[in-house]
Every structure is written in structure tokens, then in C-alpha cells.
Amino acid sequence: MAKPQGVKYRGSIHDFPNFDPNQDAEALYTAMKGFGSDKEAILELITSRSNRQRQEISQSYKSLYGKDLIADLKYELTGKFERLIVGLMRPLAYCDAKEIKDAISGIGTDEKCLIEILASRTNEQIHQLVAAYKDAYERDLEADIIGDTSGHFQKMLVVLLQGTREQDDVVSEDLVQQDVQDLYEAGELKWGTDEAQFIYILGNRSKQHLRLVFDEYLRTTGKPIEASIRGELSGDFEKLMLAVVKCIRSTPEYFAERLFKAMKGLGTRDNTLIRIMVSRSELDMLDIREIFRTKYEKSLYSMIKNDTSGEYKKALLKLCGGDDDAAGQFFPEAAQVAYQMWELSAVARVELKGTVRPVDNFNPDADAKALRKAMKGLGTDEDTIIDIITHRSNAQRQQIRQTFKSHFGRDLMADLKSEISGDLARLILGLMMPPAHYDAKQLKKAMEGAGTDEKALIEILATRTNAEIRAICEAYKEDYHKSLEDALSSDTSGHFRRILISLATGNREEGGEDRNQAREDAQVAAEILEIADTPSGDKTSLETRFMTILCTRSYPHLRRVFQEFVKMTNYDVEHTIKKEMSGDVRDVFVAIVQSVKNKPLFFADKLYKSMKGAGTDDKTLTRIMVSRSEIDLLNIRREFIEKYDKSLHQAIEGDTSGDFLKALLAICGGED
């Protein structure tokens, strides 16, 4: 989390000791003299000086050589490296001014740049930015932004440009309650949205006040404020308001997320990467690094190293200031972030929604006839099959199966199997099976033949409710004449087998939390993960207790256990399991923890991994789309776009093709 100003410096760049601006100016002049330039010397010097020192070097350079240092650097350097070095040579306010000028010049506007700068800067930084813009371009920043933007997006940008956010840390409880009520009435309770209330409250109230407003809003409505903003606002205005909320909660976390998104996937958003690394290097880079390491399980340093090259990479790594993977440690300073994640998970009352719902005016007779016609004669009408099956609920599909048999004396599943093939067949036949029988079949497939698909076993058994598990056990017995427990026993071994069998009993408690028990359970977790101060008891008995806690305690209780764990150890339980455990046991425990924290996000991650990189894991993609379509696929979609900055619809569209693509998009249910 960001540290209070004046308490501790959290930048990665410091004043250079025994600084001599004339000597540095001479060194830079020498590095740029003659044919070619010594880029290594330039980057080493400029990234080792603070911004204040760089301004002195510029002044000395002009005094000694009668030349402008920035102009010479621009002449000698090129591309991304030039942009980075020149950005470092400008005072922060002038750097921001240049970024905004570039964002609104020419055809089109870079709204993401405007949002990032204006949502994240303090009052003082905004005032300095406005003055720098006027000085550098002899233009009024507010007038230029009004001329280049419109609507509520423009209004909020203008409010932020005033730099008048309240600074008082003394918060009135009555005003917190009033703002919560006003936001709720302006959005959720209103036909249409009163955007002016969102703009006024989020644009003017102090950070401390708004954090309490967000907490109270969640308690009162059961929804995080972000969910209401997504539901009520749209376009660039929605993105701006979400950025403001993120910066109110934690500015370093906002930048950690921006940096991750700038480098993940194919291609790097270099302008974003440069802007953030330059602007935060003397403010909160250490906090950004800590949160990045916690949130993405890799260091910012290692991601920059793998994603960039040449002098550009070397300069970025110098600004980063260190590799947090070297120690391989969870940052205790970031424990507060982990705690807040569990708090949010514990308080939020999320309404789960599928994307496939029963169709109105359902006519199984007409559907059965249409399907028969689509499969009769030469060729198959895949479009009709996809359209009917993806737009009916599972219960309606079972009625169609029955009607098809009554009318034609044929088995619809057998007919479909003979008419369609490949990925499309797996998807359509999966949709036609009752959910418990589908899951039973997936478990059977995971265990048959050479080798076991442990990932599929974990995904199903770690995420299903008691009722779903019991139904799966019955379906497995009915379809394969063997108990699921016996199948797991013969196909897995050791602790992993014991965990899966425990999950397969479907005996998870369904009550609330017990605070005293939660503290005891957290102590057991701390001891088994070897970070407790006073280990007690033998290892085997602790392992059994830890397994019992994760496999049988209720979700609300486990959320409390994981919060107590953070309080007790200053570590996050998920990170610690990943660090201290290995193999299938680690994977199943991590899946349980992630499912407890945020089940839709767990599935969003699985879907993303099934489609990223070369090749698609069609089996995982199909399994999740089929099994979650009537439960929480809409929630999964929201988590997907929030984390990966692109919609599930776009990911499917870019990674699949043909009739399989059509059917998947129909189940996906829309573009976000």
C-alpha cells in the first residue's frame, strides 16, 4: 500500500552521491561526440541521477556548450530508448504535459493516457501539470481537453483538472452514509443514472472519506462500487470512474495493474510502460513492485526483462531498481492488500448468473422436428443444431431428447454423434447431457487410459457444491457401475488421493464462520506451511487437520481462516501454499483457496490459460463453457474482462473457428 507522504521514501531512484552537474554534462557531451553515441554511458548516467539532478545537468550542459541537452539526445537516440531517456530529462509536470499534448493532438484521442494521468495525480501534481502545459505550449489545458472530449467523460476530466479534491483526513460518518445513499439512489435505484452525483462525489471527496464510502457501500448494497459503476455507466466515462476508484483504493496497485496489462500477451504497450516507469520512479516504485509481485506471482523486473530488449531494457530495469524474485519472498508490506482481498470476498454478496436461460414459449415438439430435419438426408444443417441447443436450458434439452425418442423412435444423442464431429460434437453432446452426468463423464475421461488428467479432477472436485458432488457420485455409479471413490482410489495415490476422496464425499459444512475456530484453523495452516513461530504437534496429524480444514469447512468460515492467517503471519495463504508445497497436492489446495476467494475468477483464469499461447486447450474450454453456462458464466465474463482487459467473446473469437466458434459464442452470450 502507498505510504503516507513524508514517512518513508518509496521511489527506486535516489539523488546520486557526490553529484557534479558539470562533470555529468561533460560525460554526456563526450558520449554523443563524433560518429555514433555511447548509449550505455548515457543510460547509466541518466538513470542514476534524480530528476532534480538531471535539471541541473541540463543547465550545466547549456552553460558549457551553448546547446540544448534534450535536443542533442533526440538527435543521437532513436525509438523507444529515445522516448524513455527524453522523458526522464523532463520535470514530471512537463513530462505529463507532453503526454497529454500527444494524447489530444492529431486524429483521435488517447483516452487511456488522459485517464491514467488525471485519475492518479495529487492536487499539487495537477496544479503543476496545468502550469507546465501553459508554459510549454502557451495553451490552456482545460480548454484543450474540452475541445477534444465530450459528455460525462469530459465533465469528470474537467473536475479532476481543478485539483481541488478535499484533503481532510477527519471523516464525518454522517456524510459517509449520505454519500452512500446518494450514489445508490443515483445508480441502482434510479431508472437511468444520475451521472452528476457520481462525478461530484468521486471527483471531490478526500481519499480517506471515499475509502470509507466504498466499504459502507459494499456493506449496504452487497455490491462493490465497481460493480455498480460497470452496471450504470459506459464507455470512456465508465473506464475513467473505475480508474478513479482504483487510485482511491491504492494508486500503486492501479499502476501495478497498468504495467502488467502493458506487457502481457503479444506485443508491448511501450508508451504506457515508459510513462509509468518514468513518472513513478521517484514516487512509489517500491510499492508498485511489491504489489506486482504479490498480485501476479512474478517480479516487475523479470517481466520487463522478458518483454523488452537492448538499451531500452537496461534503462527500464535501472528504473525498476531491483528484482523481487531474487529473494523469492512474499512482501509483508503487501499483506494488507491480501487481507483486503479476503475482506472483499467475505462481504460481497454476488448474484451468480448464467448466460443460458430457459427460452420463452418453449415447444419441444417443434424443436425435435427441426433437429430431425437438420440431420436428415445429405449433409447436416449445423446452424440449426447450434441455434436450438445453445439457446435452450438443460432441462429443456432433456425434454427435447424425450420428445425426439417419442416421435421418431431414435436416440437424439446417437443421431447427433453420427452427424457432427470434433470439437463441435464434444460441445453439443456435452450440452445435451444432464450436468451431473456430464461432470461424471469428464471425471471418467480424466482417469481412463494411460496417465491421469489431474487438472480436470481438481477443477471439478474443488469447485462443485455439496449437492452437485452428491449428484455426480450418483451419476457416476449409474453410468459406470462403480463408485467415484473407488475410481479415484485406484487411479490416484498418497495425499492427493486422500484430498480428492474427501472432496468427493460432498460433506463440506454449510454454516457461517466461527471466529475462535478460525483462529485455531489459521494456526494449523501456519504450522503446516512452516511459518508459525511455535510449531506444535507431529507433521502427519497436522497434514490431516489441514486437509480437513480445506476440504470440509464452509466457504464463509474459510474466508475468515484466510484473513486470520494474514493477520497472524503477514503472508497470504495462496502464495504460501504455492511456495511451500509442490505437485498435485499444491494444485488442489490452491484451487480450493481460489474457489473460496472468487470462484468466477478461478474459472476466468482457467479459460484464459486454455486459449493463450500456441494452440488451444479445447477440452478445458469446452468443459468450463458447458458446465458454467447456467450457473455463473456471466460473472466469469465480467472477471475475465476486468483481469485480462479483453472480453471472453474476443478471446474465443481470436482462438477458435467455424461451427465450434459459433456455438461457443452463443453460449458466451454477448460481447462485453
Exercise for the section: Tell me, with the steps shown, if Asp479 and Lys441 meet salt bridge (Lys or Arg N to Asp or Glu O under 4.0 Å). Expected result: CA-CA 8 Å; Asp479 294 345; Lys441 185 174 184 182; over 6 Å; no
Practice task
Run the numbers on Ile201 and Leu210 for side-chain contact (heavy atoms from CB on, under 4.5 Å), then give the verdict.
Solution key: CA-CA 8 Å; Ile201 293 170; Leu210 284 172; 3.8 Å; yes
Practice task
Would you check, one step at a time, whether the test side-chain contact (heavy atoms from CB on, under 4.5 Å) holds for Leu601 with Gln594?
Solution key: CA-CA 8 Å; Leu601 179 57; Gln594 289 177 341; over 6 Å; no
Practice task
Decide yes or no on salt bridge (Lys or Arg N to Asp or Glu O under 4.0 Å) for Lys609 and Asp617, but give the supporting numbers first.
Solution key: CA-CA 8 Å; Lys609 285 169 185 165; Asp617 179 357; over 6 Å; no
Problem - Worked verdict on Tyr217 versus Ser228 for side-chain hydrogen bond (donor to acceptor under 3.5 Å, both in side chains) - result: CA-CA 10 Å; Tyr217 190 92; Ser228 291; 2.7 Å; yes
Practice task
Kindly indicate, with the supporting measurements, whether the criterion side-chain contact (heavy atoms from CB on, under 4.5 Å) is fulfilled by Asn394 and Leu431.
Solution key: CA-CA 7 Å; Asn394 195 276; Leu431 289 168; 5.9 Å; no
Exercise for the section: Evaluate the side-chain hydrogen bond (donor to acceptor under 3.5 Å, both in side chains) criterion for residues Ser234 and Glu238: first the C-alpha distance (whole Å), next the side-chain angles of each, then the deciding distance (0.1 Å), finally the verdict. Expected result: CA-CA 5 Å; Ser234 61; Glu238 175 197 343; 5.7 Å; no
Practice task
Show your working on side-chain hydrogen bond (donor to acceptor under 3.5 Å, both in side chains) between Gln398 and Gln402 and close with a plain yes or no.
Solution key: CA-CA 6 Å; Gln398 303 318 311; Gln402 191 56 56; over 6 Å; no
Handout entry: Candidate pair Ile248 and Val244, rule side-chain contact (heavy atoms from CB on, under 4.5 Å), full reasoning
Key = CA-CA 6 Å; Ile248 296 295; Val244 168; 4.2 Å; yes
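Under a 3.5 Å cut-off, the side chain of Asn635 and the backbone N or O of Lys353 do form a donor-acceptor pair. The backbone N or O of Leu550 lies less than 3.5 Å from a partner atom in the side chain of Arg508, making a donor-acceptor pair. Under a 3.5 Å cut-off, the side chain of Thr221 and the backbone N or O of Lys223 do form a donor-acceptor pair. When atom types are taken as modelled, the side chain of Ser629 and the backbone of Val626 share a donor-acceptor pair closer than 3.5 angstrom. At distances below 3.5 Å, not a single donor-acceptor pair connects side-chain atoms of Asp632 with backbone N or O atoms of Gly354. Counting only distance, with no hydrogens or angles, the side chain of Gln442 and the backbone of Ile460 share no donor-acceptor pair below 3.5 Å. No side-chain donor-acceptor contact under 3.5 Å links Arg401 to the backbone of Asp411. Checking side-chain atoms of Thr492 against main-chain N and O of Ser489 turns up no donor-acceptor pair under 3.5 Å. A donor-acceptor pair under 3.5 Å is absent between the side-chain atoms of Arg586 and the main chain of Lys578, judged by distance alone. Distance alone, capped at 3.5 Å, is enough to place a donor-acceptor pair between the Arg559 side chain and the Val596 backbone.
For the pair Asp423/Arg426, a side-chain contact is recorded, criterion being any heavy-atom separation below 4.5 Å from C-beta on. Contact check for Glu564 versus Gln523: no side-chain heavy atoms found under the 4.5 Å cut-off. Side-chain contact between Asn507 and Thr552: absent, with no pair of heavy atoms (C-beta onward) separated by less than 4.5 Å. Considering only heavy atoms from C-beta on, Glu257 comes within 4.5 Å of Tyr296 through its side chain. With contacts defined as side-chain heavy-atom distances shorter than 4.5 Å, the pair Met433/Met413 qualifies. The side-chain heavy atoms of Tyr571 and Val566, taken from C-beta on, include no pair separated by under 4.5 Å. Between Leu607 and Leu621, some side-chain heavy-atom pair lies under the 4.5 Å cut-off. No side-chain heavy atom of Lys455 sits less than 4.5 Å from a side-chain heavy atom of Thr620.
Both tests do not hold together for Lys246 against Tyr254: distance to the six-membered ring centre under 6.0 Å, angle to the ring axis within 45°.
With respect to Arg637 and Glu639, no salt bridge is recorded, no charged nitrogen being found less than 4.0 Å from a carboxylate O. A salt bridge does not link Glu513 with Arg553: none of the charged nitrogens is closer than 4.0 Å to a carboxylate oxygen. Between Arg638 and Glu642, no side-chain nitrogen of the basic residue sits less than 4.0 Å from a carboxylate oxygen of the acidic one, so the salt-bridge criterion is not met. Contact check on Arg623 versus Glu459 returns a salt bridge, with a Lys/Arg side-chain nitrogen under 4.0 Å from an Asp/Glu carboxylate oxygen. In this structure, Asp605 pairs ionically with Lys643, as a charged nitrogen and a carboxylate oxygen lie closer than 4.0 Å. A salt bridge does not link Lys482 with Asp486: none of the charged nitrogens is closer than 4.0 Å to a carboxylate oxygen. Arg249 and Glu253 are not joined by a salt bridge, as no carboxylate oxygen comes within less than 4.0 angstrom of a charged side-chain nitrogen. A salt bridge between Arg293 and Glu290 is absent, with no side-chain N of the basic residue lying under 4.0 Å from a carboxylate O of the acidic one.
Tested against Asp439, the residues Lys444, Arg464, Arg470 include a single salt bridge (Lys or Arg N to Asp or Glu O under 4.0 Å) partner, Arg464.
Inspection of the Thr220 and Glu216 side chains reveals an N or O donor paired with an N or O acceptor under 3.5 Å. Remark: the Ser595 side chain and the Tyr555 side chain contain an N/O donor-acceptor pair separated by less than 3.5 Å. A donor and an acceptor atom, one from each side chain of Arg498 and His495, are located under 3.5 Å apart. Side-chain polar atoms of Glu173 and Gln177 form no donor-acceptor pair below 3.5 angstrom. Side-chain contact check for Asp182 and Gln178: at least one donor-acceptor pair (N or O, by modelled atom type) lies under 3.5 Å. In this structure, a donor-acceptor pair under 3.5 Å is absent between the side chains of Ser554 and Glu510.
Ring geometry for Phe546 versus Phe589: interplanar angle over 60°, hence perpendicular rather than tilted (30 to 60°). Ring geometry for Tyr608 versus Tyr644: interplanar angle under 30°, hence parallel rather than tilted (30 to 60°).
Listed here is the closest heavy atom pair of Phe292 and Met303: CZ-SD, 3.5 Å. Minimum heavy-atom separation, Asp572 to Lys597: OD2-NZ, 4.3 Å. Nearest heavy-atom pair across Leu488 and Ala504 is CD1-CB, 3.8 Å. Nearest approach of Arg392 to Ile400, heavy atoms of both residues: CG-CD1, 4.0 Å. Pairing each heavy atom of Asp521 with each of His557, the nearest pair is OD2-NE2, 2.9 Å. Heavy-atom minimum distance, Phe660 versus Leu424: CD1-N, 4.0 Å.
Rounded to the nearest 0.5 Å, atoms CD1 (Ile225) and CG (Leu202) are 6.5 Å apart. Atoms CG and CZ, from Leu633 and Arg628 in turn, are 9.0 Å apart once rounded to the nearest 0.5 Å. To the nearest 0.5 Å, the span separating CE on Met547 from CD1 on Ile501 amounts to 9.5 Å.
With a 6.0 Å radius and a threshold of 12 heavy atoms from other residues, nucleotides or ligands, Lys207 has its NZ atom above the threshold.
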